[in-house]
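Following: one structure in structure tokens, then a few remarks.
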Amino acid sequence: MRRPCCDKQHTNKGAWSQQEDQKLVDYIQKHGEGCWRSLPQAAGLLRCGKSCRLRWRNYLRPDLKRDGFGEDEEDLIIRLHALLGNRWSLIAGRLPGRTDNEVKNYWNSHIRKKLEYSHRHVGFTRLRAEISAARSKNQANDPETFIDFNGGKLEPTSKSSSGINLDLTLSIPSKNFESSDEN
DNA sequence: AACAAATACAACCGCCTAGGT
DNA sequence: CACCTAGGCGGTTGTATTTGT
């Protein structure tokens, strides 16, 4: 049996209050991130360490964007998802100010529906064909190689108008590569 | 106006893995 | 090596809000 990450009987659950947020922010500003297990007690929070980490990373971090996703970002998510599947943290790593949770939620609630529509109406099918061709070309050369995949075309590095880094230099994972983008 | 259904997103859960011993 | 732990991840759930009837 796995030991629970904390004593759940003595922790709060559910939505965070403003006071809890403030305690967490204050503590991290003073001491920095790290040692999430001991943080709740040190910060005076009745929360599980994992919960603190999640709250900080997904909501309280000062570098997070809180506005909606732009077209550039949406396009990049679609392309990255076609390459990587549901590896949300990798995808989020390419989107400054975005979290894996945010990207995942956005995918599930917005993009997936759009793509279901697009699948039925040509456009996205063509994009996937391009991606697939790029993939097999790179794998054929050397399975360990890197893909330079810029905006769906094999072109040199560039940045989009909104400053998103579109230089998709990605090491191809050996397993689960043909992952769940068919749903 | 009242209710139901759909949507959006914050948060939780359990598994996996890297690193330390 | 095997074992343990903390941190990270993706899937899923819970709930507040919005939209439709």
Side-chain angles (χ1 to χ4, degrees), chain A residues 1-120 131 144 164-165 168-183:
Chain A
M1 275 293 275
R2 177 177 293 265
R3 236 176 61 176
C5 71
C6 52
D7 181 359
K8 298 197 190 300
Q9 285 188 325
H10 298 99
T11 54
N12 291 341
K13 288 178 77 170
W16 281 62
S17 68
Q18 275 194 335
Q19 289 94 324
E20 287 179 307
D21 281 348
Q22 196 55 54
K23 280 184 184 177
L24 182 56
V25 170
D26 287 347
Y27 183 87
I28 291 176
Q29 278 174 352
K30 267 188 198 158
H31 302 94
E33 289 183 53
C35 201
W36 295 105
R37 195 181 176 85
S38 59
L39 183 148
Q41 202 178 12
L45 287 161
L46 290 173
R47 289 278 179 176
C48 159
K50 275 181 140 181
S51 178
C52 294
R53 176 184 156 272
L54 216 62
R55 183 65 179 169
W56 173 254
R57 290 198 50 176
N58 290 340
Y59 201 82
L60 298 174
R61 253 167 51 199
D63 57 321
L64 290 179
K65 288 184 191 172
R66 302 300 309 166
D67 51 343
F69 283 79
E71 271 183 45
D72 271 348
E73 289 176 303
E74 184 175 313
D75 186 53
L76 186 56
I77 291 168
I78 291 167
R79 293 171 189 280
L80 284 166
H81 187 270
L83 274 171
L84 299 167
N86 297 356
R87 300 174 73 180
W88 305 114
S89 62
L90 279 178
I91 295 172
R94 288 277 161 183
L95 293 156
R98 302 297 187 187
T99 70
D100 52 354
N101 208 33
E102 204 177 2
V103 171
K104 178 171 59 181
N105 281 332
Y106 189 70
W107 176 271
N108 286 327
S109 57
H110 292 81
I111 299 178
R112 203 165 57 176
K113 280 175 207 134
K114 271 195 191 179
L115 293 189
E116 278 165 10
Y117 178 86
S118 299
H119 268 294
R120 282 183 243 117
I131 291 165
E144 293 297 312
I164 298 166
N165 185 0
L168 306 182
T169 305
L170 304 162
S171 70
I172 302 169
S174 56
K175 61 173 184 176
N176 299 332
F177 185 67
E178 294 296 335
S179 55
S180 55
D181 49 350
E182 293 301 326
N183 22 357

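No hydrogens, no waters, no symmetry mates; every other heavy atom, side chains included, goes into these values. Per chain, numbering begins at 1; letters A, B, ... match sequence-line order.
Considering only side-chain N and O atoms, A/Trp88 lies under 4.0 angstrom from the phosphate OP1 or OP2 of C/dG11. Residue A/Arg53 places no side-chain N or O under 4.0 Å from the OP1 or OP2 atom of C/dG7. An OP1 or OP2 oxygen of B/dC12 is reached within less than 4.0 angstrom by no side-chain nitrogen or oxygen of A/Arg55. For B/dT7, the OP1/OP2 oxygens have no side-chain nitrogen or oxygen of A/Ser109 closer than 4.0 Å. For the OP1/OP2 pair of C/dG8 and a distance below 4.0 Å, the side-chain nitrogens and oxygens of A/Ser89 include no atom meeting the criterion. Checking the phosphate oxygens (OP1, OP2) of C/dG11, a side-chain nitrogen or oxygen of A/Asn86 falls inside 4.0 Å.
Listed nucleotides C/dG11, C/dA6, B/dA11 differ in distance to A/Trp16; the shortest reach to its side chain belongs to B/dA11. Side chain of A/Asp100, nearest nucleotide from B/dA11, C/dC9, C/dG7: C/dC9. In this structure, the nucleotide among B/dC12, C/dG10, C/dG7 sitting nearest to the side chain of A/Leu54 is B/dC12. The side chain of A/His110 approaches B/dA8 more closely than any other nucleotide in the set B/dA8, C/dG8, C/dG11. Checked against B/dA11, B/dC13, C/dG8, the side chain of A/Lys13 finds its nearest nucleotide in B/dC13. Closest approach to the A/Ala15 side chain among C/dG10, B/dC15, B/dA11 is made by B/dA11 (side chain taken as heavy atoms from C-beta onward). The side chain of A/Arg57 sits closest to C/dC9 out of C/dC9, C/dG10, B/dA11.
One atom, CG of A/Asp67, and another, C1' of B/dC9, lie 15 Å apart when rounded to the nearest Å. Rounding to whole angstrom units, NZ of residue A/Lys104 and C1' of C/dC9 are separated by 8 Å. The separation between A/Leu90 atom CG and C/dG8 atom C1' is 12 Å, rounded to whole Å. Nucleotide C/dG14 holds its P atom 16 Å from the CG atom of A/Asn101, rounded to whole Å. A straight line from CH2 of A/Trp56 to C1' of B/dA10 spans 17 Å, rounded to a whole angstrom. We find that CD of A/Gln41 is positioned 13 Å from P of C/dA6, with the value rounded to whole Å. Here C/dG11 presents its C1' atom at 16 Å from CH2 of A/Trp107, a figure rounded to the nearest Å. A/Tyr59 places its OH atom 12 Å from the C1' atom of B/dA11, with the value rounded to the nearest Å.
The shortest distance between side-chain heavy atoms of A/Leu39 and A/Ile28 falls below 4.5 Å.
For A/Asp26, there are no salt bridge (charged side-chain N to carboxylate O under 4.0 Å, His left out) partners, not counting sequence neighbours.
The base of B/dA10 is paired with the side chain of A/Asn105 by a donor and an acceptor separated by under 3.5 Å. A donor N or O paired with an acceptor N or O is found under 3.5 Å between the base of C/dG8 and the side-chain atoms of A/Lys50.
Of the listed residues (A/Arg47, A/Arg55, A/Lys13), just one forms a salt bridge (charged side-chain N to carboxylate O under 4.0 Å, His left out) with A/Glu20, and that residue is A/Arg47.
Nucleic acid contact class of A/Asn58 (heavy atoms, under 4.0 Å, all strands): none.
Within 6.0 Å of atom CD in A/Glu33, more than 12 heavy atoms from other residues, nucleotides or ligands are found, so the atom counts as buried in its surroundings.
Summarising the geometry, atom CZ belonging to A/Arg57 is positioned 5.0 Å from atom CZ belonging to A/Arg53; distances are rounded to the nearest 0.5 Å.
Using five terminal pairs a side, the axes of the helix from B/dA2-C/dT21 to B/dT21-C/dA2 at its two ends make an angle of 0°, given in steps of 10 degrees.
The existence of a salt bridge linking A/Asp67 and A/Lys65 is excluded, since no basic side-chain nitrogen approaches an acidic carboxylate oxygen closer than 4.0 Å. Here A/Glu74 does not pair with A/Arg79 in a salt bridge; the nearest charged N to carboxylate O distance is not below 4.0 Å.
Ring pair A/Trp107/A/Trp88 is tilted by interplanar angle, where 30° to 60° counts as tilted.
Side-chain N or O atoms of A/His31 include one that pairs as donor or acceptor with a backbone N or O of A/Tyr27 at under 3.5 Å.
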